[in-house]
Amino acid sequence: MSDACIFCKIVAGTIPAKLLYEDEQVVAFADIAPQAPVHVLVIPRRHLASLDGLTEADRPLVGHLLERVAHVARLLGVAEAGYRTIINTHHDGGQEVYHIHVHILAGKRIGPMVVR
Ligand code: 5GP
Ligand code: ZN
C-alpha cells in the first residue's frame with residue numbers, strides 16, 4: 001500500500017466509497033464525480049501506479065482486472081446496452097490518480113470518441 005494514495009485508502013477502508021464489487025484482487029466503486037449515469041472505477045487492491053510501468057509479472061493481475069471489468073459491467077446491468085472503458089495514462093492521457101484504474105462509463109449513449 002502507498003500511504004499517500006487515495007485509492008489505496010479506499011481499498012483499506014480508511015476513506016469511504018460506494019463499493020459495488022470486490023474480490024481478493026480487485027475492488028470496484030462509484031466515481032465521486034460521475035461523467036455518465038453509470039461511472040465506476042475498477043482497481044487492483046495492489047498499488048500499481050499506472051499502465052505505464054506494468055511488467056510481465058503483472059500480466060495475471062491485469063488479465064483478472066480486465067475480466068472483472070466485464071463482470072462488473074454485467075452486474076451493473078449495462079453490458080448488453082454497452083459501455084465505454086478508459087484507462088488514462090500520465091499527464092497527456094489525463095491521469096490524475098496514480099493507482100491504475102479502469103473507468104466504466106455507461107447508462108447513456110457515450111457517443112464517438114472525441115479527442116479535444
Ligand atoms: P483519472 O483522471 O486519474 O483517470 O481518474 C481519476 C478518477 O478518480 C476521476 O474520475 C475522479 O472523479 C475519481 N476520484 C478522485 N478521487 C476520488 C475519491 O476520493 N473517491 C472516488 N470514489 N473517486 C475519486
Ligand atoms: Zn494506491
Side-chain angles (χ1 to χ4, degrees):
M1 166 170 167
S2 162
D3 286 342
C5 174
I6 196 154
F7 287 177
C8 281
K9 289 177 182 163
I10 288 175
V11 169
T14 55
I15 68 164
K18 186 180 174 196
L19 293 187
L20 299 166
Y21 175 82
E22 59 182 320
D23 69 12
E24 68 287 349
Q25 293 182 76
V26 307
V27 175
F29 53 93
D31 196 290
I32 203 167
Q35 304 296 310
V38 173
H39 188 171
V40 172
L41 303 173
V42 190
I43 69 171
R45 288 185 182 275
R46 181 153 65 84
H47 182 83
L48 296 169
S50 180
L51 189 68
D52 178 45
L54 292 183
T55 69
E56 201 172 329
D58 301 316
R59 285 180 184 176
L61 175 54
V62 172
H64 180 75
L65 175 69
L66 197 55
E67 186 276 332
R68 289 291 89 181
V69 166
H71 177 76
V72 168
R74 290 192 293 270
L75 278 183
L76 295 170
V78 301
E80 195 173 334
Y83 52 93
R84 174 78 44 87
T85 45
I86 298 173
I87 302 174
N88 295 321
T89 303
H90 291 331
H91 176 271
D92 283 1
Q95 183 173 6
E96 292 180 354
V97 177
Y98 271 77
H99 181 132
I100 193 169
H101 50 282
V102 181
H103 295 257
I104 301 175
L105 295 154
K108 68 172 187 182
R109 173 142 174 80
I110 305 293
M113 197 177 75
V114 178
V115 178
R116 280 185 266 122

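Numbering of ligands and ligand atoms starts at 1, following listing order. Heavy-atom basis, side chains included; hydrogens, waters and symmetry copies ignored. Please read these numbers as outputs of a predicted model, since none were measured by experiment.
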Opening angle between ND1 in His47 and SG in Cys5, taken at the Zn ion (ligand 2), to 10 degrees: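 Vertex at the Zn ion (ligand 2): approximately 110°.
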Geometric N/O contact Asn88 with ligand 1, under 3.5 angstrom: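 For ligand 1, there is an N or O atom that lies under 3.5 Å from one belonging to Asn88.
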Backbone or side-chain N or O of Ile15 under 3.5 Å from ligand 1 N or O: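 N/O-N/O distance under 3.5 Å: no.
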Test of ring centre spacing under 6.0 Å for His99 and His101: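 No, ring centres 6.0 Å or more apart.
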Hey, does [X] sit under 4.0 Å from ligand 1 if you only count heavy atoms?
X      : result
Ile10  : yes
Ala17  : no
His103 : yes
Phe7   : yes
His101 : yes

For ligand 1, the portion of Ile87 having any non-hydrogen atom under 4.0 Å away: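 None of Ile87 does.
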Protein residue, atom and distance nearest to [atom], heavy-atom basis:
atom                    : result
atom 3 (O) of ligand 1  : Glu96 N, 2.7 Å
atom 19 (O) of ligand 1 : Ile6 CD1, 3.4 Å
atom 15 (C) of ligand 1 : Val97 CG2, 4.1 Å
atom 2 (O) of ligand 1  : Gly94 O, 2.8 Å
atom 22 (N) of ligand 1 : Ala30 O, 2.9 Å

side-chain hydrogen bond (donor to acceptor under 3.5 Å, both in side chains): pairs with one or both residues in residues 25-35, sequence neighbours excluded: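 As it turns out, the side-chain hydrogen bond (donor to acceptor under 3.5 Å, both in side chains) pairs with a partner in residues 25-35, which skip direct neighbours, are Asp31-His39.
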Main-chain N/O of Thr89 paired to Ser50 side chain as donor or acceptor, under 3.5 Å: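 No; zero donor-acceptor contacts below 3.5 Å.
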Sidechain-backbone polar pair: His90 side chain, Leu51 backbone, donor-acceptor under 3.5 Å: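 Such a contact is absent between His90 side chain and Leu51 backbone.
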Heavy-atom side-chain contact between Val97 and Leu41 under 4.5 Å: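 Val97 does not reach Leu41 side chain to side chain.
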Rounded distance [0.5 Å steps], [atom1] in [X] versus [atom2] in [Y]:
X      : Y     : atom1 : atom2 : value
Ile100 : Leu54 : CD1   : CG    : 4.5 Å
Ile104 : Leu20 : CD1   : CG    : 9.0 Å
Leu76  : Tyr21 : CG    : OH    : 12.0 Å

Closest heavy-atom pair and its distance - Arg74, Glu67: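 Heavy-atom minimum between the residues: NH2-OE2, 4.3 Å.
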Taking every non-hydrogen atom, the tightest pair across Pro16 and Ile10: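 Heavy atoms only, the tightest pair is O-CG1, 4.5 Å.
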Option with minimal heavy-atom separation from atom 16 (N) of ligand 1, where the choices are Ile100, Asp31, Ile32: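 Minimum heavy-atom distance to atom 16 (N) of ligand 1 goes to Ile32.
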Val38 reachable from Val26 in the ILVMFWY side-chain graph, under 4.5 Å edges: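 Linked within one cluster.
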Name of the His99 atom (N/O/S only) found closest to the Zn ion (ligand 2):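 This residue's closest N, O or S atom turns out to be ND1.
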Numbering as shown, the atoms of ligand 1 that approach Ala33 to under 4.0 Å (heavy-atom distance):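 Per the distance check, 12 (O).
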